[in-house]
Amino acid sequence: MKKYFLYIALFLYTCPNIMGQTLSGQWSGKINFQGAQLRLAFTFSQSEAGKLQATMSSPDQSVYDIPADSVYFVNDSLKIAVNQFGITYQAKKTTPTKFNGVFEQAGFKLPLELNFDAIPTSKKEKPQTPKPPFSYQVENITFPNNKENFKLAGTLSLPKNKTNLPAVILISGSGKHNRNQEILGHKPFWVIADYLTKNGIAVLRFDDRGVAESEGNFDDATSKDFANDAEAAFNYLRNRKEINPKKIGLLGHSEGGIIAPIVALNNPDVAFMVLLAAPGLSGDEILLLQQELIGKANNINPKSLKKLIQTNQKLFEIIKTTEDKELLNQKLIETLKTHSDKLNVYNINENKFIDNSIKGLTTPWMKFFLSYNPAPTLQKINCPVFALNGEKDIQVPAKENLAAIKNAFAKNKKAKLTLKEYPQLNHLFQECNLCNLTEYGQLEQSISPIVLKDITQWILKQTSKKY
């Protein structure tokens, strides 16, 4: 689901160095956002032409050595701007080894002090990330989405020298993801594909539309559109000679757990589904629960958190019940202005905050997600389903969503549902300690080996029937 913590922007823009001032070396500091501390490091150097260059790293999010396009530094004043993400950092050099300034994004203004020092910023692969040589066949492929006339790109992993194979299609969660569902240094879909293929199951994972090598428009798409992409992958696999067309299933993580049932409902030949941290509740219920749990994990003042949730309830209801675009924007502006003093304890630029909030709240994806209830679709699914979640998931809370999935299937006499909740696992199925969002990138584990084993054994059980 959408990540409600501060993601540090990845691209900066630069202009020439002024008056020969130098920042050579690494400057680092911490941003405190809703109780979570995120480290930032800027490494500055000079090109042969004397132009100031920089790279940016955020070790807590496993983001390293992102090249900056431009930096402005004159008379001890530093300004870095990130137009694409609405970010600015303005600071004054107060001592030879210190900058004091303000980091601003989406209207939020956060103090950021940079010191001339070094923090670990070397990028390294997580231990579970697969490494060649591989014991199976790896094929980069493309396949068409004929409904919308564009091509998607992905990777098909096949056990060597085998036919009549069971297969599974991996469907990513919300946000723009490549075929590995890469997040904060982790590549969980690659880890899953590697494990399954080593155990005799073919796996297709693909880049989201408009991401990496896939064509298409991501920004205007909803979960129903992404279901068209997954269906295109399903149709592609049915025509592969190595694959048994009656043994093809779907594995969806988070929003992918909404998408998979939509595909299965329209394609009775889907053999099975694995739902990883899948929503069972409607979108607005999910987001309000998510905000409450993330706020508590980050030690937000209970009164402030309650006001935030109440404001969002009003905003979500407006979006769900207002069709006219102009009237919708007017109602959202009025509500945000009325409650802007209650939104959080930070110093915010009200106009920027409202503008960015409306842009985020009125995307096609958000409008669809807030109103979508997965229960009616789940009630009609006849193939075997394995729904699993981590006890410490604060994005798609396990207790409420697994219960909702169970209740939906209880109304289906043909239901073949397996449910499992894993202690001490988070939304990414990592064994967690603090179990907050910031910890995702800090943990070395990409996905619990127990979960990998359970998924594999369950799929093999479902596909052992002879056809």
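Not counting sequence neighbours, E421 has no partner by the salt bridge (Lys or Arg N to Asp or Glu O under 4.0 Å) test. Residues satisfying the salt bridge (Lys or Arg N to Asp or Glu O under 4.0 Å) test with D284, not counting sequence neighbours, are K320. Every residue meeting the salt bridge (Lys or Arg N to Asp or Glu O under 4.0 Å) condition with R179, not counting sequence neighbours, appears here in chain and number order: D207, E213.
Using cut-offs of 30° and 60° on the angle between ring planes, the pair Y422 and F429 is perpendicular.
Under the 3.5 Å distance criterion, with hydrogens and angles disregarded, no donor-acceptor pair is assigned to the side chains of N228 and N145. Judged purely by distance below 3.5 Å, without hydrogens or angles, the side chains of H186 and Q181 never pair a donor atom with an acceptor atom. Using modelled atom types and a 3.5 Å distance limit, the side chains of E113 and W27 yield no donor-acceptor pair.
Checking side-chain atoms of K131 against main-chain N and O of T129 turns up a donor-acceptor pair under 3.5 Å. D194 places no side-chain N or O within 3.5 Å of a backbone atom of K198 that could act as its donor or acceptor partner. Here the side chain of Q128 pairs no donor or acceptor atom with the backbone of Q445 at under 3.5 angstrom. N436 places a side-chain N or O within donor-acceptor distance of the main-chain N or O of E439, the cut-off being under 3.5 Å. In this structure, S214 contributes its side chain and A153 its backbone to a donor-acceptor pair below 3.5 Å.
Ring-centre distance between F99 and F116: not below the 6.0 Å cut-off.
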| said: Using the rule given for salt bridge (charged side-chain N to carboxylate O under 4.0 Å, His left out), can you reason through R209 versus E215, listing the C-alpha separation, both sets of side-chain angles and the distance that settles it, and then say yes or no? | reply: CA-CA 6 Å; R209 61 167 66 192; E215 299 173 352; over 6 Å; no
